[in-house]
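Written out below as structure tokens is the structure these notes cover.
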Amino acid sequence: MTTDHETLANLLKEDRRFEPPADLAAAANVSGDAYEHAAKDPGAFWAEQAERLTWAEKWDTVLDDSNPPFFKWFTGGKLNASYNCVDRHVEAGRGDKVALHWVGEPEGDTRDITYAQLKDEVSQAANALTELGVETGDRVAIYMPMIPEAIVAMLACARIGAPHTVVFGGFSADALASRIDDCQAKVIITSDGGYRRGAPSALKPAVDEARTKTSVVEKVLVVRRTGQDLGENGWDDDVDVWWHDAVGSASTEHTPEAFDAEHPLYVMYTSGTTGKPKGILHTTGGYLVGTSYTHHAVFDLKPETDVYWCTADIGWVTGHSYIVYGPLANGATQVLYEGTPDSPERGRWWQIIEQYGVTIFYTAPTAIRSFMKQGREIPDQRDMSSLRLLGSVGEPINPEAYIWYRNTIGGDRTPVVDTWWQTETGMIMISPLPGVTAGKPGSAMTPIPGVSADVVDDDGNPVPNGSGGYLVVTAPWPSMLRTLWGDDDRYVDTYWSRFKKQGYYFAGDGAKKDSDGDIWVLGRVDDVMNVSGHRLSTTEIESALVSHPKVAEAAVVGATDPDTGQAVVAYVILRENAGDGGADIVKELSDHVRKEIGPIAKPRQIMIVPELPKTRSGKIMRRLLRDVAEKREVGDVTTLADSGIMDLISAGQATSTED
Ligand code: PRX
């Protein structure tokens, strides 16, 4: 475990507790008896939660566990996700309610979209996609900035039963192409660009480049957002279609078809321990039940009065579950912000909270730490008394960041829910309930009602309170991933083989149970890094480095970083014919990783080394490299084939270049 020693030491010192505010507890959506109620009969509990949705046909079976780990939920049931997120609110007379307060990055560039307007736009987009040849079951890639059309595009795909795969706009053309290829997406929805840090940032050129690397794409639907020049060869009349033409001219009438509960809703790619990203498959019924229920329970959403804001990007699972499907299924009014937190000024987020009276705010520890660094003077300039609940997701939240978040942003009034979950789990799994749980800074506390999770030892036995081990989920849950796109074997192997005997889902995280049995998530136990709450695989970055003509071999580790949680540190052996690589070698390699994967994967530090520490069987000992990267004394080297190597690398550390 990468963060083990330091985190454990900090945790042992932490004994602050925050009781739920009395008024919140009195009116909370979920009370303490839900734990027992759910545990008594989980099937009945999830059936109750499923009643939150509108089904065209009711299910026969809540959970089909006849072929584990290929679980099915609500079999026989039929529904349409888009209908549940949009139409039913309009039919219930809430068409004039604002669904999205969209805030563009340029000041004053805003749009309020009601549920009725959303229904019209989603219907138009669904008609346009059908017109472009998209049929039920076809995959559609979405590569967009945070503009309302991104949500419309996702819901339009769901409406016609075409699974979407949203690729984060910060990913490179190569990363986009490999995802498109893997799931064979025939249409891409994108935009000319979006605003970031005060300037238009292009997206369409990456789509054009991606198209040269794959032959499956038939049409590209393009939103005009920035109006920027698309370049000389930036438009192909045979393939490219403007959104305002195709969607703008389409009918606002569209009857959603009801799909099987297990119909694929989307594929979301995430990093695993090998170089090839995994296509996590989520299906319709169970996913919507899980996201709707957790959004209601963990955020205590009161749709009539709350203004909710989740700062995630729709390119990540948090955007899928807690911007699009959960909140919209619940009829929430939410803020959607296009840009960066510091544009045009460092207090932009706090200004938005003040302006829209945001009541529930959900963000990531990495953002909180960067605001802490700027100081409380900036948020103190704004009136944020509307806030009543704060959430955190993506990585363990340091107790100090938790306290700062609660005090400075939450006025020492708001509970903080530290929510543990994953792309694979689809929904929040471990979290305090804001009206029930006394929060401990840094702990995700306990599995929410309906979820069974534990911390176990190597043999799969629950560890006693006060000990650490592996985090597992011990019973199926509705929004669980169903498989990896096109790779059932990898699905079984990655998640279900470690604790096969017990039938547990292994999350890949280490955790500790404290003396009360509450869970403290410590971080990944595999070769997956968590940089600013984003998952990156060491192997993926190593492969990118090795694809550079001057590189012979590379090893990547995640080193603890005060800003980003972990940071990418790379050790590179150059090919003989590359000599010393030239004066700009570090920048050259760094740019190469950026091009191959995207800016988030750019190493913080690249060290050119003569050798890598390997065991006699040739396995790279990343543990030792991590020691160097974190400037610790290098640990036990007795299993190294050549124990002198670490001296060479440690010596090189002094002269390495930080990029
Ligand atoms: O290591 C855990 C960490 O993020 C991983 C999941 O990453 P991803 O699939 O990209 O989803 C991120 C958003 C759900 C987990 O395996 N993680 C996520 N939330 C927490 C966390 N670690 C500690 N505490 C959390 N609240």
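In this text, all values refer to a predicted model and were calculated from it rather than measured experimentally. Indexing begins at 1, ligand by ligand and atom by atom, following the structure's order.
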Practice task
Could you list all the salt bridge (charged side-chain N to carboxylate O under 4.0 Å, His left out) pairs where at least one residue sits in residues 467-490, not counting sequence neighbours?
Solution key: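 Every pair satisfying salt bridge (charged side-chain N to carboxylate O under 4.0 Å, His left out) with a residue in residues 467-490: E262-R482.
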Exercise for the section: Go through the structure and list residues passing side-chain hydrogen bond (donor to acceptor under 3.5 Å, both in side chains) with S178, not counting sequence neighbours. Expected result: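 Partners of S178 by the side-chain hydrogen bond (donor to acceptor under 3.5 Å, both in side chains) criterion come out as none, since no residue qualifies.
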Problem - Residues forming a ring-ring contact (aromatic ring centres under 6.0 Å, His included) with Y402, sequence neighbours excluded - result: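 ring-ring contact (aromatic ring centres under 6.0 Å, His included) check on Y402 returns nothing, list empty.
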Table of N or O contacts for ligand 1, cutoff 3.5 Å:
{"from": "ligand 1", "atom 1": "1 (O)", "to": "D509", "atom 2": "OD1", "distance (Å)": "2.6"}
{"from": "ligand 1", "atom 1": "1 (O)", "to": "D509", "atom 2": "OD2", "distance (Å)": "3.2"}
{"from": "ligand 1", "atom 1": "4 (O)", "to": "G394", "atom 2": "O", "distance (Å)": "3.3"}
{"from": "ligand 1", "atom 1": "9 (O)", "to": "T423", "atom 2": "N", "distance (Å)": "2.7"}
{"from": "ligand 1", "atom 1": "9 (O)", "to": "T423", "atom 2": "OG1", "distance (Å)": "2.6"}
{"from": "ligand 1", "atom 1": "9 (O)", "to": "R535", "atom 2": "NH1", "distance (Å)": "2.8"}
{"from": "ligand 1", "atom 1": "16 (O)", "to": "Q422", "atom 2": "NE2", "distance (Å)": "2.9"}
{"from": "ligand 1", "atom 1": "16 (O)", "to": "D509", "atom 2": "OD1", "distance (Å)": "3.4"}
{"from": "ligand 1", "atom 1": "16 (O)", "to": "D509", "atom 2": "OD2", "distance (Å)": "2.6"}
{"from": "ligand 1", "atom 1": "16 (O)", "to": "R524", "atom 2": "NH1", "distance (Å)": "2.9"}
{"from": "ligand 1", "atom 1": "17 (N)", "to": "G394", "atom 2": "O", "distance (Å)": "3.3"}
{"from": "ligand 1", "atom 1": "19 (N)", "to": "G394", "atom 2": "N", "distance (Å)": "3.1"}
{"from": "ligand 1", "atom 1": "22 (N)", "to": "P396", "atom 2": "N", "distance (Å)": "3.4"}
{"from": "ligand 1", "atom 1": "24 (N)", "to": "E395", "atom 2": "O", "distance (Å)": "3.4"}
{"from": "ligand 1", "atom 1": "26 (N)", "to": "D418", "atom 2": "OD1", "distance (Å)": "2.7"}
{"from": "ligand 1", "atom 1": "26 (N)", "to": "T419", "atom 2": "O", "distance (Å)": "2.7"}

Problem - Minimum heavy-atom distance T311-F361, with the two atoms named - result: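 The pair with the smallest heavy-atom distance is CG2-CE1, 3.4 Å.
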Exercise for the section: Determine, for Y293 and R52, whether the Lys NZ or Arg CZ falls below 6.0 Å from the six-membered ring centre while staying within 45 degrees of the axis. Expected result: no
Handout entry: Gap separating the OH atom of Y337 from the CH2 atom of W349, nearest 0.5 angstrom
Key =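 Answer for the OH-CH2 pair, Y337 versus W349, is 9.0 Å.
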